Amino acid sequence: MPLLRLRFPLLSALLLSAVLARASTAALPAYRNPALPLETRADDLLRRLTLDEKLAFTHGASTFSTAGIPRLGIPERWMDDGPHGVREDVLRDSFDPANRHDDYVMCMPVLIDLASTWDPDAATAYGNVIGEEARMRGKDIMLGPGVNIMRTPINGRNSEYFGEDPYLAGRMAVGYIRAVQSHGVASCVKHFVGNDQETQRGSIDVEMDERTLHEIYLPPFKAAVQKGGVWAVMGAYNRFRGQYCCENDALLNGILKKHWGFKGIVISDWHAVHDTDGAVRGGLDVEMGTKRGDYDGFFMAGAFKAGLLSGKYPMSLLDDKVRRSLRVMIATGALDSREPGSICTPEHRAAALRVAEEGIVLLKNSGAALPLDAAKLHTIAVIGENATRLQAYGGDSARIKALYEVSPLEGILHRVGTSLNVITSPGYSSTTGTSPAMIAQALAAAKAADVAIVIGGLIRERPYDCEGMDRASLDLPWGQNDLIRAVVAANPHTIVVLVSGSPVAMDEAWLSRVPAVVEAWYGGSEAGNALAHVLFGDFNPSGKLPCTFPRKLSDSPAHALGAYPGKDGVEHYDEGLLVGYRWFDTKHIEPLFPFGFGLSYTTFAYSNLHVERLATDPDAVAKITIDVTNTGPRDGAEVAELYVHEEHPRLFRPEKELKGFQRVFLKRGETRTLTFLLPRQAFSYYDPVISGWVMDHGRFDILIGASSRDIRATATLDESTAAPRANPG
Ligand code: BGC
């Protein structure tokens, strides 16, 4: 050994440390031993807990944490909002800010902005930011992403979700969740399920048919569980088929835990539990936010204990809930050493900028009004309150104390430096509306400029893009239509930039006259830089709408049918499967801007679509290839969207359904072949009679295009005479 130590000092040190490590882990109790399997550790810890210690896992002990168990070295478990950044710290027993100086973070673009990128890699970059910043802030569980489907364009929380299509929402959520969780932080996908409006969210009873549930509202949650491996699910405020979602046996015990095999925890939304029996038996694991005196007054605290002691509830019921929490704790490394995390690193800033740039959607661009050529301009007018308004610290539970936030105006000023004269005018006010004096000032600015950029839209406050309330209308508020009409009359080179988290209606009187319209969403810390890069052509826009922009609210399905916002406390989803473009396409209603739509400064051509039937592949039914060519003047990215239409389905189906997409960056003149491998699921519908997915022996049209209404190539997969294949799960 001395010889070894002398001649191979490194090797001997390694051997020694391995011996010591083994000796030290052997001395550890099993639950603390990272070398042991997760279930072994969880079982060991569960055996050591007293009844009261077990109950510490089933309910909150502060606004955002459950109690620790110092005797066993179990730390408190800290949760925090939210979807697009780590919320500021609040006081232990209220939502009042703790006023700390060390809880500033990145504000990432809102989730609808992320969805507009149609870029799962961007979702991964985004999730890495959330995970690393959550670690730095000492959080164990991040309360996001939200994957509720956009059923109505006026839902106050549309900005917190991924739009109207279940497949798109699922793909984006999976990338996000895996990335967050790779940093030792659990994601909590929310709000399960049917919390698709804020109006009466605490009581509304959602009724929908079985197919609609399985084809539209469940899939993003299912993807989060089965593909994303999410460790937590948040139950929603509303009722579903008569039972509160956090007490809903069919949803929580049935679908989530039994059918999907979910092994993690169901956390209640804050103050969403109403009854001990309902919660305990209905599948809830952790009750949070209940407003009922002290923490022992929570439904799953003292009352649960009394029921356990009296024999009303078997201990196995408690043990299952606790074991789930232990799994999450162990899986996220809370008992081992974890990465320390980081805040606002250059990588985080780059990710925020990338998502904000990729998410911006160019809605209109006649006469190549954009991009602006700074060298050819002398004066630009920047008009509108959203040019200077900071949006991060809004949106209730989704609000972020951003370390920095570049406003649109700041972004433009950074970009143009002193090369251009920039004049500004507020144009309207979100508190007082638009006065003749404000319009007059805006007109003067527009007239004095070569280009007028009106930056308006909505704000992240009630009743606009904010939790707790839906919007009252689809229209642009505060007299913005009047303002834009006047500005474009004064200066035909007017660019309209909408900063919003939801679709807005656009007045034809200005839309037909302004040459360019941009949907910028709420772009987070880097919002202004991203917008300036798009306006001045440093970044070629590639975002596509993850939701339909209707011409008017009454065109939108839940409103057209009078289903929204429910009647006598019940909301029947009468539109069924026909949500978003599924409705507009099937009913032949012209949207203002269709799902999947977004322009570029270049053009793309699609050619050589081939469909190959894969008879023996267990995972794929068809291989689809198509060439996409950049035929225009600039490098840029295109999102190719693949929809499936079934020609004569046995059960009714929407006109077409998104089943694949790919984002591809192409240099000028470059062509790439894209390949899609479509599983059986892509052709199947949910048959309520057999409670399972079915693929017909039929003919399926494969439609590939640049938007749901811009199909560039079509081919058919004929399965009518095919041998039967196994049903998808
Ligand atoms: C929201 C949740 C949020 C929770 C905690 C609730 O009002 O619906 O999304 O995670 O508050 O802030």
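Atoms within a ligand are numbered from 1 in the order they appear, just like the ligands themselves. Everything numeric in this text was worked out from a predicted model, so none of it was measured.
Interatomic distance, D209 CG to H214 NE2, rounded to the nearest 0.5 Å: 10.0 Å. Between the CG atom of D205 and the CD atom of E571 there is a distance of 10.0 Å, given to the nearest 0.5 Å. In this structure, I459 CD1 and L390 CG are separated by 12.5 Å, a value rounded to the nearest 0.5 Å.
Close approach of ligand 1 to K190 is summarised as follows: ligand atoms under 4.0 Å from at least one heavy atom of the residue are 2 (C), 3 (C), 9 (O), 10 (O). Taking every non-hydrogen atom of L143 and a distance limit under 4.0 Å, the qualifying atoms of ligand 1 come out as 10 (O). Interface of R87 with ligand 1, defined as ligand atoms under 4.0 Å from a residue heavy atom, comprises 12 (O).
Note on ring orientation: taking the six-membered ring where Trp is involved, the planes of F95 and F64 are perpendicular (angle over 60°, cut-offs 30° and 60°).
Ligand 1 lies within reach of R201, whose nearest heavy atom is under 4.0 Å from it. Contact annotation: H191 has at least one heavy atom less than 4.0 Å from an atom of ligand 1. For E160, the closest heavy-atom approach to ligand 1 does not fall below 4.0 Å. In this structure, M288 has no heavy atom closer than 4.0 Å to ligand 1.
From the protein, the heavy atom lying nearest to atom 4 (C) of ligand 1 is D269 OD1, 3.4 Å. Nearest protein neighbour of atom 1 (C) of ligand 1, counting heavy atoms only, is E467 OE2, 3.1 Å. With hydrogens left out, the protein atom closest to atom 3 (C) of ligand 1 is D81 OD1, 3.2 Å, a heavy atom.
At a heavy-atom cutoff of 4.0 Å, ligand 1 is contacted by the side chain of R157 but not by its backbone.
Checked by atom type and distance alone, the side chain of N238 never pairs as donor or acceptor with a backbone atom of R201 at under 3.5 Å.
A salt bridge does not link E132 with R137: every distance from a Lys NZ or Arg NE/NH1/NH2 to an Asp or Glu carboxylate oxygen is 4.0 Å or more.
Within 6.0 Å of atom CZ in R100, 12 or fewer heavy atoms from other residues, nucleotides or ligands are found, so the atom counts as exposed in its surroundings.
When S159, S500, S502 are each tested for a side-chain hydrogen bond (donor to acceptor under 3.5 Å, both in side chains) with D465, only one passes: S502.
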